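What follows is a single structure, written as structure tokens, with notes after it.
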Amino acid sequence: MKQFIITALLVLTACLSGFAESKIYNTCRMNKILKTVYVSKEMLNLVEESSLKVNKMDFTKLISKTNSIEIISADTKNGVKTLEGAFNAYILTPYL
């Protein structure tokens with residue numbers, strides 16, 4: 001569950017940031033124990049509109065406003081700790 005929450009927060013942060021690739025994504029991409037996926041605006045446009053409706057919720061507007069999605073995940077405890085550290089550094093950096 002903790003892994004899902006961290007991944008969801010990273011995805012939301014990436015969606016709202018509007019950058020091509022965020023600093024945290026580039027940092028995690030270089031780490032062998034973390035898995036990263038970058039979904040560009042062009043790839044998002046390939047999704048059929050009918051598949052954006054899930055459980056009576058329509059994600060069409062959200063996808064149309066999203067520039068990219070960055071997904072970072074970890075399968076091991078060490079990977080989760082690494083991801084948590086990277087995420088905390090990313091969140092705390094503007095305040096240091």
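All of these numbers come straight from a predicted model, not from anything done at the bench.
- Scored by the side chain to side chain donor-acceptor pair (under 3.5 Å) test, T60 finds D58 as partners (sequence neighbours excluded).
- Atom OH of Y25 sits about 9.0 Å away from atom CD1 of I71, to the nearest 0.5 Å.
- Note that CD1 of I72 and CZ of R29 are 10.5 Å apart. Values are rounded to the nearest 0.5 Å.
- Here the closest non-hydrogen pair linking S40 and S68 is CA-CB, 4.4 Å.
- Nearest heavy atom pair, residue Y38 against residue E70, reads CD1-CG, 3.7 Å.
- Scored by the side chain to side chain donor-acceptor pair (under 3.5 Å) test, S64 finds no partners at all (sequence neighbours excluded).
- Applying the side chain to side chain contact (heavy atoms under 4.5 Å, CB included) rule to N78 yields the partners I33, T76, T82; only residues at least two apart in sequence or on another chain are considered.
- We find the CD1-NZ distance between I63 and K61 to be 14.0 Å, quoted to the nearest 0.5 Å.
- Applying the side chain to side chain contact (heavy atoms under 4.5 Å, CB included) rule to V47 yields the partners S51, L52; only residues at least two apart in sequence or on another chain are considered.
- Side chains of K41 and N45 form a contact here, defined as non-hydrogen atoms less than 4.5 Å apart.
- A74 and G79 make their closest contact through CB-C, 3.3 Å (heavy atoms, listed as atom of the first residue, atom of the second, distance).
- One hydrophobic cluster, built from ILVMFWY side chains closer than 4.5 Å, holds both L62 and M57.
- Every residue meeting the salt bridge (charged side-chain N to carboxylate O under 4.0 Å, His left out) condition with K35, not counting sequence neighbours, appears here in chain and number order: D75.
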